[in-house]
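Report on the structure given below.
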Amino acid sequence: MNFGLFSHAEHCMSSGSKSFDAASRLFNKDTRRSTLMLYTWCRYCDDVIDSQDLGGKCLINPLENKINKLNFLKKMTNDVYLGIPIEVPAFSALQEVVIKHQIPLSQALEHLEGFAMDVRGVKYKSLNDTLDYCYHVAGVVGLMMARIMGVKEPLVLDRACDLGIAFQLTNIARDVIDDAKIGRCYLPLDWLEQEGLEPTMASLTARENRIALSHVANRILTVAESYYASALMGLRYLPIRSAWAIASAYKCYHKIGVKVQRAGKEAWDHRQHTSHLEKLSLLFSGGILALSLRNTNIIPRSSSLWQRPK
């Protein structure tokens, strides 16, 4: 076992996602290791495309542009599946997870397509377009995480995908102004138009537009609620420690969405997050939630929810 690689993965998780880092500590040892390895690859790919250093040192800054960076990520990911020894820690981490849990190449490439959508500057004209983006950057990660936890049943995989989508919708609402500052907007353009907004930095960051922006953010978070509710129905199929970890992650992300809604036009005066004490409380309530769902009657997944590619 490569303990140096695990230490690198721990650093990536603790630096890149404090909410999920707290929840991941509830997994058993093997599941936590694989979770951190998968996160390390996801974080690295994100950092490379955006030339950031949130989840570990970016090793390919000399590449000329984002298209070259994206091609690099695709090549390295394909090399992982070819079994080629790799020195870049993030791809060594992915290789370990792929071998251990038989994660399909198609899912890894679908995740990279989410970054490709950013590189291409895709416009999200409708809610369905936004949900398609959410699937690629987060829903498919839910599918890979489900494999790590031993899930193979398609109906349960749907719920794992729903949770990833819910998380990303929450992120979109929380980070809309930060995204706008780097030229990105994931909110549906038709919703913005209804509020008299444009998908530009000038429009989305203007303080006089905060009330209108909060209306759109609240609509996104209302949509997220449907995906959170659907996802919770899948927890009963997970091993109890995994169910506890995922329920706690749900609690943390959902709380962030609630804070955005309650803050209204002031939601973006500072980054919404959960404090250390709040996280401890949410981990406890996550355990109660996981236990309460063990014998709950399953509510069929709504046909109105976005359906992942099969």
Next item on the list: Nearest 0.5 Å please: distance from the OH atom of Y44 over to the CE atom of M76.
Entry: 7.0 Å
Notebook entry, point to check: Mind checking whether F167 and L26 sit in one hydrophobic cluster, side chains of I, L, V, M, F, W, Y counted as touching below 4.5 Å?
Noted result: no
Check: Does R159 pair with D162 as a salt bridge, N-O distance under 4.0 Å?
Finding: no
Next item on the list: Please report the closest heavy-atom contact between C252 and L282, naming both atoms and the distance.
Entry: CA-CD1, 3.9 Å
Check: Are side-chain N/O atoms of R301 and Q307 paired as donor and acceptor at under 3.5 Å?
Finding: yes
Check: If you look at every heavy atom in R294 and P239, which pair is closest and at what distance?
Finding: NH2-C, 4.3 Å
Next item on the list: Could you pull out all residues at least two apart from N171 that satisfy side chain to side chain contact (heavy atoms under 4.5 Å, CB included)?
Entry: Q168, R174, D175, Y253
Notebook entry, point to check: Would you call D50-K69 a salt bridge at under 4.0 Å N-O?
Noted result: no
Checklist line | E110: salt bridge (Lys or Arg N to Asp or Glu O under 4.0 Å) partners, not counting sequence neighbours | finding: none
Notebook entry, point to check: What do you reckon, is NZ of K265 surrounded by more than 12 foreign heavy atoms closer than 6.0 Å?
Noted result: no
Margin query: Quick one, K125 with E193, criterion salt bridge (Lys or Arg N to Asp or Glu O under 4.0 Å). Give me CA distance, side-chain angles, the key distance, then yes/no.
Written below: CA-CA 10 Å; K125 297 179 181 179; E193 184 178 354; over 6 Å; no
Margin query: Membership question, hydrophobic clusters at under 4.5 Å side-chain separation (ILVMFWY): are V258 and Y250 in the same one?
Written below: no
Note to self: Under the rule for side chain to side chain donor-acceptor pair (under 3.5 Å), what residues qualify as partners of T170, not counting sequence neighbours?
What the structure shows: Y228
Next item on the list: Kindly compute the distance separating OG (S242) from CG (N28), expressed to the nearest 0.5 Å.
Entry: 6.0 Å
Margin query: On a heavy-atom basis, which atom in I256 and which in H273 lie closest, and how many Å separate them?
Written below: CG1-CA, 4.2 Å
Next item on the list: If the plane angle is over 60° it's perpendicular, under 30° parallel, otherwise tilted; pick one for W306 and Y135.
Entry: tilted
Next item on the list: Could I get the full list of ring pair (Phe, Tyr, Trp, His ring centres under 6.0 Å) partners for Y186, not counting sequence neighbours?
Entry: Y124, Y133
Notebook entry, point to check: Looking at CD1 of I67 and CG of N71, how far apart are the two atoms once the value is rounded to the nearest 0.5 Å?
Noted result: 7.5 Å
Next item on the list: Let me see the working for D46 and R43 under salt bridge (Lys or Arg N to Asp or Glu O under 4.0 Å), right down to the final yes or no.
Entry: CA-CA 5 Å; D46 194 8; R43 178 76 265 170; 3.0 Å; yes
Check: Partners of D118 by salt bridge (Lys or Arg N to Asp or Glu O under 4.0 Å), sequence neighbours excluded?
Finding: R184
Check: If you look at every heavy atom in Q272 and E266, which pair is closest and at what distance?
Finding: NE2-O, 4.3 Å
Check: Taking only residues two or more places apart in sequence or in another chain, which ones pass ring pair (Phe, Tyr, Trp, His ring centres under 6.0 Å) with Y237?
Finding: none
